[in-house]
Amino acid sequence: MERSKNSKPETFQEDEYVFPYHYIPEFSANRFSQVKNLSWGYLYLARLNRVVEIIRGWEFNSLLDVGCGDGRLLHELHKAMPEKTLTGIDFSESPLRFARAFNPDLEFIRGDIADDRSLIAKKYDVITLVEVIEHIPPEKLDAFIEAVSRRLNTSGRLLLTTPTDNIPVSKKHYQHFNLQKLEQLLGDRFTVTRTEYCHTPLSGMDKLKLRLLSNRLFVTVSPAFTLKFYRRYCAKYFSASAHNAADILIVCEKR
């Protein structure tokens, strides 16, 4: 691509810093790598895009992402809806450093939503809990959901995703859920208006294709192969049923 007469080298350098690429290559413990690889990235991105797709269909002004981590959801929502007021909150400072660096135009708060002192005194039209509640100790969950309810406007919506109890509980999680457990948790604070089950297990040759995408010996980066696999996953495996889903997505209205 030719450089326009008015373009400056520093402009091109600035445009490249959408990702800190200098941190990709590394050498440590007699190991060299110039690839950062997330083996379940196809699964993560499919769910992320579905959440953005749902929220884009809503009329709202403000959104709070609770347990926002490094801010990827808000990053995608901001690209899709730059006019919306988007805020993230997380109790951990480490991921928030990345969130702020990648999203300088968005607001990120360090704190616990259950602690009123950690949030500005306002309510939001939408609150998202994407893969969050499984990380919260069971004895604190009721107070957590109550705090979420207090921060949501009367006519607001809550979108929640979490792993189902069809899959084993990982060492990072306290528990997994089904629809009945979620409805019990939400109690009389919310009414579930939408339920979607996500992530059917791969079968047949698609398991092998996943091994070709990512394994201990090599990572496949062929654009044609990876794009075809991702599209096949979204078309065949993303939608699931209650008995085989790895994830559940619900939308709730405040009672």
Side-chain angles (χ1 to χ4, degrees), residues 43-90 96 99 102-109 111 113-114 119-136 141 144-164 177-179 181-183 185-199 234-235 238-242 245-255:
L43 184 152
Y44 170 79
L45 195 59
R47 182 180 60 230
L48 180 70
N49 288 340
R50 180 58 182 149
V51 170
V52 172
E53 180 184 23
I54 291 172
I55 294 175
R56 285 188 69 177
W58 295 346
E59 292 290 335
F60 70 97
N61 294 313
S62 61
L63 179 147
L64 177 66
D65 185 25
V66 178
C68 63
D70 59 17
R72 180 63 190 272
L73 173 58
L74 294 186
H75 181 83
E76 298 302 323
L77 287 172
H78 184 59
K79 288 197 300 184
M81 298 173 287
E83 74 283 1
K84 305 298 185 182
T85 299
L86 306 174
T87 305
I89 181 170
D90 202 289
L96 289 179
F102 279 72
N103 305 278
D105 297 329
L106 301 180
E107 179 186 22
F108 293 94
I109 302 167
I113 193 173
L119 273 174
I120 54 177
K122 66 177 292 186
K123 293 186 177 184
Y124 298 83
D125 301 323
V126 176
I127 291 181
T128 52
L129 297 172
V130 177
E131 307 299 289
V132 171
I133 61 172
E134 64 272 14
H135 296 279
I136 300 175
L141 259 178
F144 176 81
I145 295 298
E146 175 60 29
V148 169
S149 177
R150 291 199 307 269
R151 291 298 172 187
L152 191 63
N153 283 326
T154 302
S155 58
R157 288 188 178 101
L158 169 67
L159 186 150
L160 181 155
T161 77
T162 189
T164 71
F177 296 83
N178 56 45
L179 181 58
K181 287 175 65 175
L182 287 175
E183 289 177 332
L185 173 63
L186 298 171
D188 59 0
R189 306 179 188 98
F190 295 97
T191 300
V192 177
T193 60
R194 181 176 195 161
T195 303
E196 294 185 10
Y197 293 98
C198 314
H199 309 310
C234 291
F238 181 69
S239 294
S241 62
D247 236 42
I248 183 172
L249 180 157
I250 63 172
V251 175
C252 311
E253 291 181 357
K254 189 174 179 179
R255 289 188 178 178

- So CG of Leu159 and CH2 of Trp58: to nearest 0.5 Å the spacing works out to 4.5 Å
- Over all heavy atoms of both residues, which pair between Ala114 and Arg150 is shortest? Give the atoms and the distance, please. O-NH2, 4.0 Å
- Task: Please check if the side chain of Asp65 supplies one atom and the backbone of Gly88 the other of a donor-acceptor pair under 3.5 Å.
- Result: no
- Under the side chain to side chain contact (heavy atoms under 4.5 Å, CB included) criterion, do Leu86 and His75 qualify, and how do the steps go? CA-CA 9 Å; Leu86 306 174; His75 181 83; over 6 Å; no
- Task: Measure the spacing between CG of Leu77 and NZ of Lys84 and express it to the nearest 0.5 Å.
- Result: 11.0 Å
- Message: Using side chain to side chain contact (heavy atoms under 4.5 Å, CB included), reason through Leu141 and Leu185 one step at a time and then give a plain yes or no.
- Response: CA-CA 8 Å; Leu141 259 178; Leu185 173 63; 3.9 Å; yes
- Query: Would a 4.5 Å heavy-atom cut-off, applied to side chains only, mark Leu249 and Ile54 as touching?
  - Reply: yes
- Atom CD of Glu83 with >12 non-hydrogen neighbours under 6.0 angstrom: yes
- Query: Are side-chain N/O atoms of Glu134 and Thr162 paired as donor and acceptor at under 3.5 Å?
  - Reply: yes
- Item | Any side-chain heavy-atom pair of Arg157 and Phe60 under 4.5 Å | no
- Query: What's the shortest heavy-atom distance between Gly71 and Ala99, and which atoms?
  - Reply: N-CB, 3.9 Å
- Taking the side chain as C-beta and beyond, is there a heavy-atom pair between Ile250 and Leu186 under 4.5 Å? yes
- Message: Set out, in order, the CA-CA distance, both residues' side-chain angles and the distance that settles side chain to side chain contact (heavy atoms under 4.5 Å, CB included) for Ile113 and Leu64, then state yes or no.
- Response: CA-CA 10 Å; Ile113 193 173; Leu64 177 66; 4.0 Å; yes
- Distance (rounded to the nearest 0.5 Å) between Leu74 CG and Leu63 CG: 6.5 Å
- Item | 4.5 Å side-chain heavy-atom contact, Ile133 and Phe144 | yes
- Compare all side-chain heavy atoms of Asn103 with those of His78 and state whether any distance is below 4.5 angstrom. no
- So which heavy atom on Ala80 is nearest to which on Val52, and how close? CB-CG1, 4.2 Å
- Query: Quick one: are His199 and Phe238 in side-chain contact, heavy atoms under 4.5 Å?
  - Reply: yes
- Query: Counting only N and O atoms by type, is there a donor-acceptor contact under 3.5 Å from the side chain of Thr161 to the main-chain atoms of Val130?
  - Reply: no
- Query: How many angstroms lie between atom CG of Asp90 and atom CZ of Phe108, to the nearest 0.5 angstrom?
  - Reply: 10.0 Å
- Note on the structure: Here the pair of heavy atoms bringing His135 nearest to Glu131 is CD2-O, 3.3 Å
- Message: Contact between Thr128 and Cys68 at the side-chain level, heavy atoms closer than 4.5 Å - yes or no?
- Response: no
- Query: Rounded to the nearest 0.5 Å, how far does CG of Leu152 lie from CD1 of Ile127?
  - Reply: 4.5 Å
- Item | Flag side-chain contact, heavy atom, 4.5 Å: Thr195 against Ile248 | yes
- Is there a donor-acceptor pair closer than 3.5 Å between any side-chain N or O of Ser149 and the backbone N or O of Arg189? no
- Task: Check step by step if side chain to side chain contact (heavy atoms under 4.5 Å, CB included) holds for Asn178 and Thr164.
- Result: CA-CA 5 Å; Asn178 56 45; Thr164 71; 6.0 Å; no
- Task: Assess whether atom CZ of Arg56 is packed by more than 12 heavy atoms of other residues, nucleotides or ligands within 6.0 Å.
- Result: no
- Query: Where the side chain of Lys254 meets the backbone of Asn153, is there a donor-acceptor pair that is under 3.5 Å apart?
  - Reply: no
- State the CG-OH distance between Asn61 and Tyr124, to the nearest 0.5 angstrom. 13.0 Å
- Item | Electrostatic pair Arg50:Glu53 at N-O distance under 4.0 angstrom | yes
